Amino acid sequence: MTALIQARGLRKFFGTTDALRGIDLDIQRGEVVAVMGPSGSGKSSLLHCLAGVLLPDSGTVSVGGTVITALSEARRSALRLKEFGFVFQFGQLLPDLTAVDNVTIPLLLGGMKRRQALTAARGWLDRLGLEVAADQLPGELSGGEAQRVAIARALVTQPSVLFADEPTGSLDSLAAENVLTAMLELVRKAGTTLVMITHDPRTAAYADREIIVRDGQLAATDRVGVK
Amino acid sequence: MNPSVVRLAVIGSRASWGRLLGITAGVAVGVTLALLLGGAYQGLGARDERSSWMYASGEYVVGGDTGPGAVTADMASLGDDRVALAHTTDRHEGDRIVRLDLAAPTTSSVTIPGITDLPQPGEYYASPALIDRIAQVPPDELGDRFGTLTGTISDSALASPDSLVVVVGARTSALIERPAAQIVTSFTDVPHRAGTNYQTVAIVGAIAVLFPVLLLVSIVTGLGAVARRERFATLRLIGATPRTVAAIAAVETSATSLIGALIGVLLAALLGPVAALVSVDDGVFFPSDLAVTPLTAATVVAVTVAASAITAGGRIRRAGIGPLGQTKQQAEKTPSLLRLVPLAGGLGILIATTVAVLAGLLVPRVGTLVVIGFTITTVGLLVAGPYLTLLAGGIMARRSKTAAGVIAGNRIRRTPVATFRSVSGLVVAVFMVSVFAGAATTADQSVAPNDGPGLLPVSTLIQYLDSTPAATDPARTEAARGRLAAISGVTQVTTIFTIDSGEGPDANRLLISADAVNDLNLGIVPSAPVVSVNSDALSGAPAVFTPAEATDVAELTPRILLIGTNGSPAAIERARTALQAGTIAGTGWMPAGTRTDLADDRLQSMAASFANLAYLGIGVATLIAGLSLAIATISAMIDRRRMLALLRLLGMNLAGLRRIITLEAAAPLLSVMAISIGLGFLVADLILVGLTNGGRSVGWPDARYIGALLASAVLALAAVAVAVSRLGKNTDLAAIRYE
Ligand SMILES: Nc1ncnc2c1ncn2[C@@H]1O[C@H](COP(=O)(O)OP(=O)(O)OP(=O)(O)O)[C@@H](O)[C@H]1O
Ligand SMILES: [Mg+2]
């Protein structure tokens with residue numbers, strides 16, 4: 001079976017910084033992958049390249065057989081909307097919109113009717129235990145609640161891949177645990193592929209596979225073909 | 001204060017240099033306009049004062065009669081301390097000439113400002129602009145009207161370099177025959193004519209122009225607020241007290257605005273001569289009228305610097321920057337319904353005044369009430385703006401079907417004050433232009449009389465004859481008719497008669513002999529030796545002829561000469577000159593005029609004489625407001641670029657982002673602008689009806705108004721387009737990091 005995401009020979013420079021130095025990586029459909037590594041090793045750069053947010057300076061990424069590194073920005077946007085969800089450490093909710101309106105945005109972008117979108121968004125917020133917070137503004141939410149709203153927004157389009165960059169990095173351990181289990185439960189149930197950067201080995205332990213990035217390269221055991 | 005701390009605060013990045021440059025430019029524009037407007041205010045006062053002598057008046061002379069208050073005319077000699085004066089408005093090619101006919105003994109001690117001696121019969125003094133004009137056209141079109149030029153009226157006695165003024169010497173015996181002759185003892189202490197009115201308008205105009213300028217400065221000083229807040233937070237983190245931070249902001253801003261203000265003074269000095277070319281009330285300014293005294297300039301600079309320092313310091317302190325940098329976005333206070341109160345109050349005053357006037361109640365100081373009502377309404381519009389914006393945003397947020405609409409609507413709803421601020425300049429400009437255009441509609445309608453079959457042609461001169469025996473002597477009138485008919489370009493001359501006493505069907509009708517009336521070509525004429533026609537046919541109403549009771553014009557009194565011309569300006573001016581020059585002179589004291597001329601005399605309204613200034617002011621205000629909108633839109637976009645880039649990351653395309661930014665500017669603009677236009681016309685109607693006792697009401701605005709509206713719409717669109725065109729670059733995913 002071919003991998004859902006295939007990265008080959010990824011290189012990325014920022015000025016003189018060599019952020020990615022030749023990465024090959026396969027990720028299977030439905031797999032939960034934890035990405036670990038020291039600060040500044042290139043984890044976020046890798047995630048952004050896999051998701052088509054950044055274009056690598058050389059190398060290719062294909063998702064479901066489509067070479068996304070060859071697509072136009074507009075096509076990559078459309079792909080992100082349809083196939084990918086994103087969760088970051090913090091500050092990703094639109095501050096002027098209530099929680100439920102925040103969650104409807106990807107649906108509206110996909111052309112869904114407002115009424116339907118609101119119903120669907122409330123459903124996802126309920127599933128994440130946020131019934132009461134639905135009509136609050138992000139500024140009025142706790143950190144854990146805000147992260148769960150972000151997860152709802154990422155999953156509401158039922159993407160095939162969820163990219164998460166330290167999704168619990170700004171939370172205390174109890175809140176982190178709650179957010180993480182809620183996210184994993186939903187991801188597993190839907191068969192969504194999860195690529196999650198984390199610094200916390202306990203978090204990584206929930207994953208099917210851990211990969212380690214060092215100096216812009218994968219640690220030996222994680223290289224494609226070496227298993 | 002530690003200099004390295006200041007350096008850290010001020011010289012942060014390229015963006016902060018851009019910001020300082022923006023403040024400098026904004027302040028420079030503001031100070032330039034403030035000084036020019038201040039100059040215009042002074043200048044309008046100065047020119048009224050200089051030209052006030054032309055409106056000298058005294059007791060009327062009533063030829064032969066000795067009615068109450070009248071001076072008897074048996075005055076072979078006036079004495080050395082009195083002159084006889086007649087004030088008339090003459091015309092040349094549509095421009096008005098102030099003509100003073102004056103009779104005084106050679107030994108007179110009376111003096112007129114601007115001329116050395118009083119003119120003797122046959123002599124005249126003229127303003128430079130009139131002298132130029134006399135030299136440029138053949139004498140039989142203008143120069144022959146006055147006699148021999150003996151001197152120039154100096155600029156120190158003229159309102160404007162364009163003023164057409166002539167002081168003509170006359171014989172006492174001839175002058176005191178005239179109905180308008182007065183006995184005047186002094187030309188030097190004449191009360192100002194309409195000066196205060198003009199200055200009131202200048203003040204209202206200044207507010208209308210300065211408001212967008214202040215807005216521009218306030219928007220510009222808010223530029224890059226987010227980046228700045230972060231930098232100040234860093235300072236707080238390393239130990240600066242809130243007072244230090246506020247002081248740094250104040251120093252930084254006052255230094256910048258000082259430079260801006262000095263540039264403004266320089267620009268005002270350079271632009272003064274250009275601004276002087278704006279024509280107000282029939283004339284441009286003398287450059288010296290607009291010159292600003294060093295004291296005024298220094299005051300404006302000082303006030304600007306102090307005000308900007310206080311605002312900047314206060315704003316920083318209010319922002320409550322803590323050492324923890326990224327403070328949570330401060331929520332705006334939701335505007336309440338109470339914000340509609342001033343607007344309702346202003347409209348209430350205007351409506352109450354109008355209703356009271358229409359009901360026939362005696363309202364004291366209607367003019368003042370109207371100005372107060374108008375001012376409160378304008379301020380009320382600004383106060384109400386955020387509330388109306390909130391409503392518009394709320395509707396949009398709820399009703400929108402697209403992501404862009406939901407995002408923009410919610411943004412507007414959460415920040416109505418800031419959103420309205422960015423469009424308020426255009427809103428005020430549009431409101432003002434609507435009031436002005438509405439109020440000016442009446443004047444414009446009457447200035448351009450209609451022409452067509454059955455109507456007296458606008459190329460026909462109307463000469464009213466004096467009621468003196470000499471002027472109404474039929475033989476003399478016949479002779480004048482013959483001489484006028486011989487002038488090249490004159491097509492026919494018709495005498496109009498009236499009956500002497502006002503009884504019977506011919507009363508208040510104009511009577512014409514049957515032979516003459518056919519030449520007029522004004523439609524079907526009944527066959528009768530004398531026909532009568534409605535008197536308002538002379539002011540453009542359709543002519544209706546009926547047989548007259550009278551049967552012979554020889555029994556009637558000649559009253560009016562109608563001089564038909566081929567319509568060329570030269571022919572009209574030749575006939576007009578002949579009527580005043582030696583050959584025919586004495587037929588009438590009031591110079592002949594066409595229908596257009598006479599309508600213009602009657603309806604020369606303040607709105608019309610201010611059209612240039614008003615449209616210029618509105619133009620400047622619109623430009624600055626458009627600039628403000630552009631800057632506000634760009635800076636809102638830069639401050640939120642992280643959020644916008646995030647939307648791109650989520651899969652929104654650039655078109656979607658553009659739609660957000662456009663909606664955020666356009667939705668409040670269109671909704672509040674629609675209200676401004678509606679309110680503007682309502683207010684114009686209330687003002688007109690109130691001031692004219694219901695005599696006039698608003699009509700359709702002219703092309704300039706539509707032009708001004710289109711211009712502001714185009715400007716607003718351009719402003720948004722500029723912002724939007726930078727969207728791609730500012731939300732480049734490679735440049736913004738998400739963690
Ligand atoms: N937009 C950028 N411009 C310049 N340099 C960048 C940019 N993004 C990343 N880098 C550099 O590339 C390297 C890898 O950065 P990256 O963010 O991928 O690391 P990371 O593993 O995610 O670190 P952390 O765990 O601290 O988030 C770093 O040296 C960083 O400074
Ligand atoms: Mg990272």
Side-chain angles (χ1 to χ4, degrees), chain A residues 12 14 43-45 47-48 51-55 72-98 101-102 104-115 117-118 137-140 150 153-154 157 159 163 165-166 169-170 197, chain B residues 226 325-332 334 390 393-394 396-416 418-419 636 639-640 642-657 659-660 663-664 728-729 731-739:
Chain A
K12 181 74 191 170
F14 292 107
K43 304 182 294 294
S44 296
S45 306
L47 190 94
H48 290 154
V53 174
L54 283 182
L55 280 181
S72 68
E73 161 64 27
R75 301 284 300 277
R76 276 184 283 128
S77 276
L79 182 84
R80 283 200 297 271
L81 178 62
K82 203 159 153 283
E83 302 288 345
F84 299 162
F86 294 91
V87 181
F88 302 104
Q89 196 168 334
F90 57 77
Q92 55 202 308
L93 298 179
L94 300 169
D96 303 319
L97 269 56
T98 56
D101 274 333
N102 256 291
T104 60
I105 294 300
L107 295 176
L108 296 179
L109 285 176
M112 188 184 278
K113 287 236 158 52
R114 180 100 186 263
R115 195 181 295 271
L118 283 167
L137 290 173
E140 301 159 355
R153 187 176 69 185
T157 53
F163 292 102
D165 194 340
E166 300 184 42
S170 62
I197 298 176
Chain B
V226 169
Q326 285 244 325
T327 45
K328 268 191 182 164
Q329 188 186 351
Q330 284 198 322
E332 264 184 22
T334 311
L390 174 78
M396 194 168 143
R398 270 193 306 278
R399 293 284 165 81
S400 261
K401 294 183 171 61
T402 65
V406 172
I407 292 168
N410 276 295
R411 170 75 181 173
I412 294 168
R413 178 159 66 151
R414 307 287 175 216
T415 57
T419 306
D639 283 353
R640 288 193 302 149
R642 231 187 91 86
M643 231 58 251
L644 294 169
L646 180 83
L647 284 168
R648 247 180 118 176
L649 190 143
L650 289 183
M652 182 179 260
N653 51 22
L654 263 181
L657 290 189
R659 221 167 300 137
I660 294 179
L663 281 175
E664 284 178 5
K729 232 181 88 200
T731 56
D732 190 354
L733 290 178
I736 295 174
R737 313 230 310 141
Y738 289 92
E739 300 292 347

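First the proteins, then the strands, lettered A, B, ... as listed; each starts at 1. Just so you know, these numbers come straight off a predicted model, no measurement behind them.
- Contacts with chain B were tallied for A:Leu109, A:Leu107, A:Leu79, A:Ile197; A:Leu109 has the most, counting heavy-atom pairs under 4.5 Å.
- With a threshold of 4.5 angstrom between heavy atoms, B:Ala397 approaches chain A through N, CA, C or O but not through any side-chain atom.
- In this structure, chain A has no heavy atom under 4.5 Å from any part of B:Ile412.
- Summarising the geometry of B:Met643 relative to A:Leu93, their closest heavy-atom pair is CE-O, 3.3 Å, with the distance given to 0.1 Å.
- For A:Thr98, the side chain to side chain donor-acceptor pair (under 3.5 Å) criterion is met by A:Asp101, not counting sequence neighbours.
- Looking at every heavy atom in both residues, B:Leu649 comes nearest to A:Arg80 through O-NE, 2.8 Å.
- Side-chain contact between A:Glu73 and B:Leu654: absent, with no pair of heavy atoms (C-beta onward) separated by less than 4.5 Å.
- A donor-acceptor distance shorter than 3.5 angstrom exists from the side chain of A:Arg114 to the backbone of B:Ser400, with no hydrogens or angles considered.
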Hey, mind stepping through B:Ile407 and A:Asp96 against side-chain contact (heavy atoms from CB on, under 4.5 Å) and telling me if it holds? CA-CA 8 Å; B:Ile407 292 168; A:Asp96 303 319; over 6 Å; no

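- Atoms CD1 and CG, on A:Ile105 and B:Leu646 in that order, are 11.0 Å from each other to the nearest 0.5 Å.
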Tell me, with the steps shown, if B:Arg414 and A:Leu137 meet side-chain contact (heavy atoms from CB on, under 4.5 Å). CA-CA 10 Å; B:Arg414 307 287 175 216; A:Leu137 290 173; 3.5 Å; yes

Would A:Leu81 and B:Asn653 count as a side-chain contact (heavy atoms from CB on, under 4.5 Å) if you check the C-alpha gap in whole Å, the side-chain angles of each, and the deciding distance to 0.1 Å? CA-CA 10 Å; A:Leu81 178 62; B:Asn653 51 22; over 6 Å; no

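- Neither the backbone nor the side chain of A:Arg76 comes within contact range of chain B, judged by heavy atoms closer than 4.5 Å.
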